[in-house]
Amino acid sequence: MLALLKTIREAIANWWSDFTLQTKLLAVATLVVSLVMSGLTFWAVNTIQQDARLNDTRFGRDLGLLLAANVTPLVAENNLTEVAQFSQRFYSSTSSVRYMLYADESGKIFFGIPFWEREVENSLLTIERRIQLPEDYPGDNDKPMVRQHNTPDGIVTDVFVPLIVNKKYLGVLAIGINPNQTAVISTNFTRDVTIAVFITIWVMVILAGVINALTITKPIKELLVGVKQIATGNFKQRIDLPLGGELGELILSFNDMAERLERYEEQNIEELTAEKAKLETLVSTIADGAVLIDNNMQVILVNPTARRIFCWEGHDVVGSNVLHQLPPAIQMEITRPLYEMAAGECDSAEFRIHLNQPTKRTIRILLTTVLNLQRESIKGIAITVQDITREVELNEAKGQFISNVSHELRTPLFNIKSFIETLHDYGEDLSLEQRQDFLKTVNHETDRLTRLVNDVLDLSKLESGRSYNFDGVDLAQAIEQTLRTYQLNAKDKGIELIQEVAPNLPLVLGNYDLLLQVLANLVGNALKFTKAGGKVAIRTYQLDPKPHAPNQSPRVRVEISDTGIGIGSEDQQAIFDRFFRVENRVHTLEGTGLGLSIVRNIVERHGSKVHLVSEIGIGTTFWFDLALCD
């Protein structure tokens, strides 16, 4: 026996030695791949089985809880007939249930499907059937207990659900769940296919090895010559040998390699060009400006945002020195850092620069070095440009607002505190007229604080996106109410209020309270900036469609005019901005700079825009249009 085994081993060794290195490598690779595939397949089969058991467990638990919830009240009432009917319907409605058993608290089965105790007792033999459960079952936990057992048809899941009513244990419901036939079939099919594939692969490998060992030739010299030609750079070299098997595949691979190397030379430039195009496309979509330069300060890439910020539209700046193209203010700031970064003395730098030409703006510039793949040398410098003009303006407006509000709060609070302290400390020494005058001043300063807080709250509500109801508004009524409010104020200042409302004015679509606030702000401003003897007028009339726009819907125009000090042209663009106050002859007048911003927000919510025309020393007129109510 040992001699026979030794002979077989020597024969196999000799047979194995006849194979080429390629055949041996192929055999080893096939073995590894086969083992890996087999392992993965059996792992997949095991996973499918585990998932199937887990699904059966979950399904059985849910099914048991569902059935127990329906039959527990019937068991508590000892209505076994209804329990039997409901269970029979439940059992007949699904093929997943293998059996259903009901047992009392001692474990004795009193009903079961497909058989039950009465049928057994009516037979010749009386068989007592019980369910063996743990002694501490169900314990403090009323959750179902699940276990599984093997059958010829597969793994059956047993679910035991305690029947509990008002914390009283009445018995147990046992349900058997049939195995998922789809999972069983899938598992068996996967296992059979894997075994068949494994056997087929090895049969083919063995046959190919035998044929290759019997028919192989030795065209190695031609292959060696071809490899040497490739090594010298002759990528047009091809080997034409009508061979099959592994050597034929090697020759085909050699020819394919030579062809690929030949194409690589042709496609290398195309691929580099395509990558550059991708990079340019990516950079062009960036919201910030981006400029890429090399170590010699030559522009390599620039996106449209940077062209717009630096006013390079229509100029070919690629290939030119970036320092010669930048505005002087930027050039002075970044020249030295750019050369330091090109020399490797620093990695990044950041600047904030104010520009006055061609437009007034503030930009942030970030310089970052670009390294090669090995991160050993600097290949260029990336310049990122951000237009932060709006951010700076908002910060300045915020600072101005804080300054205005602080001043407006400090003055009335100081006055209130001063007069109250005087009344408290020297009230008995003051005359009745003096005390009333003090209280009048305190009341005036309190109203001043209230206006400031209300303006801030109104603007916050408008900008928060709060929705308002729009309906038909009688502008004549709103104007009349506004004039009544300011009648005494105008009389005290010696200003004439004029009302010019067109007769039979139609209703406009809007919010009455908001429009009243617009009129109050505009009339209040007009009175504030108009001297004694001046006039403030409110006009409203319907606009007819223009001849060149016959489809334009009719609208109602509202105008508020005064003969006040006027607004300079340099301030008319910013007069509606939040917290803006004209710092000229009117800066001493009370106000928060929020009134016109509130007006603009309200008018825009009505689908319109507020306009103005003004001249210093002549007066100002504000107007806006409102749509008619259908």
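In this chain, residues are counted from 1 in sequence order.
Counting heavy atoms from C-beta outward, L323 and Y339 have side chains that approach closer than 4.5 Å. Counting heavy atoms from C-beta outward, K493 and N489 have side chains that approach closer than 4.5 Å. Between L423 and L439 there is a side-chain heavy-atom pair separated by less than 4.5 Å. Looking at E480 and R484, their side chains come closer than 4.5 Å, going by heavy atoms from C-beta outward. Residues V599 and L522 are in side-chain contact: their nearest non-hydrogen atoms beyond the backbone lie under 4.5 Å apart. Counting heavy atoms from C-beta on, the side chains of D562 and F529 never come closer than 4.5 Å. In this structure, D471 and Y512 have side chains that are not in contact, with every pair of non-hydrogen atoms separated by 4.5 Å or more. Residues L367 and I365 are in side-chain contact: their nearest non-hydrogen atoms beyond the backbone lie under 4.5 Å apart.
Of the possible donor and acceptor atoms, one in the side chain of D387 sits under 3.5 Å from a partner among the backbone N and O of T389. Looking at S614, its side chain does come within 3.5 Å of a backbone N or O of G619 through a donor-acceptor pair. With hydrogens and angles ignored, the 3.5 Å screen pairs no side-chain donor or acceptor of D288 with any backbone N or O of T384.
Distance check: L596 CG to N601 CG gives 11.5 Å after rounding to the nearest 0.5 Å. The distance from atom OG1 of T620 to atom CD of E615, rounded to the nearest 0.5 Å, is 10.0 Å. A distance of 10.5 Å separates OG1 in T362 from CD1 in I353, rounded to the nearest 0.5 Å. Considering NZ of K360 and CG of L355, their distance stands at 11.5 Å, rounded to 0.5 Å. One finds the CD1 atom of I567 at 8.0 Å from the CD1 atom of I616 (value rounded to the nearest 0.5 Å). Note that CG of L505 and CD of Q477 are 12.5 Å apart. Values are rounded to the nearest 0.5 Å.
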Quiz item: Does the side-chain contact (heavy atoms from CB on, under 4.5 Å) test come out yes or no for I420 and V442, once each step is laid out?
Solution: CA-CA 8 Å; I420 290 179; V442 170; 4.2 Å; yes
Exercise. Start with the C-alpha distance between L371 and I378, add both sets of side-chain angles, then the distance that settles side-chain contact (heavy atoms from CB on, under 4.5 Å), and finish with yes or no.
Key: CA-CA 5 Å; L371 305 178; I378 299 175; 3.8 Å; yes
Exercise. Might you work through the side-chain contact (heavy atoms from CB on, under 4.5 Å) test for Q499 and I538, ending with a clear yes or no?
Key: CA-CA 5 Å; Q499 177 182 356; I538 302 182; 5.6 Å; no
Practice problem: Please assess Q517 against L514 for the test side-chain contact (heavy atoms from CB on, under 4.5 Å), listing each intermediate value before the final yes or no. | Solution: CA-CA 5 Å; Q517 188 174 3; L514 293 180; 4.2 Å; yes
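With sequence neighbours excluded, no residue forms a salt bridge (charged side-chain N to carboxylate O under 4.0 Å, His left out) with E496. Annotation: salt bridge (charged side-chain N to carboxylate O under 4.0 Å, His left out) contacts of R364 (sequence neighbours excluded): E350, E391. Take E333 and apply the salt bridge (charged side-chain N to carboxylate O under 4.0 Å, His left out) test, not counting sequence neighbours, and it matches no residue. By the side chain to side chain contact (heavy atoms under 4.5 Å, CB included) test, T368 pairs with L366, sequence neighbours left out. Listed by chain and number, the residues in a salt bridge (charged side-chain N to carboxylate O under 4.0 Å, His left out) with E421 are K417 (sequence neighbours excluded).
A 6.0 Å sphere centred on CE of M332 holds no more than 12 heavy atoms belonging to other residues, nucleotides or ligands. Counting heavy atoms of neighbouring residues, nucleotides and ligands inside a 6.0 Å radius, atom CD of E433 does not exceed 12 of them. Residue K535 places its NZ atom among 12 or fewer non-hydrogen atoms of other residues, nucleotides or ligands, all under 6.0 Å distant. The local environment of CG in D492 is crowded, with over 12 non-hydrogen atoms from other residues, nucleotides or ligands closer than 6.0 Å.
Contact record, I293 with I300: C-CD1, 3.9 Å, taken as the closest heavy-atom pair. Between G319 and Q298, the shortest heavy-atom distance links the atoms O-OE1, 2.5 Å. Of all heavy-atom pairs spanning S348 and M341, the tightest one is CA-CE, 3.9 Å. For the pair N321 and N296, the tightest heavy-atom approach, listed with the atom from each and the gap, is ND2-O, 4.2 Å. Taking each heavy atom of I381 and L338 in turn, the nearest pair found is CD1-O, 3.5 Å. Scanning all heavy atoms of the two residues, the minimum distance from H606 to L626 falls at CB-CD2, 4.0 Å.
Just one of L515, L519, V501 meets the side chain to side chain contact (heavy atoms under 4.5 Å, CB included) condition when paired with V558; it is L519.
Residue pairs meeting the ring-ring contact (aromatic ring centres under 6.0 Å, His included) criterion with at least one member in residues 305-324, sequence neighbours excluded, are F310-W312.
For E559 and Y541, the side-chain atoms include at least one donor-acceptor pair closer than 3.5 Å.
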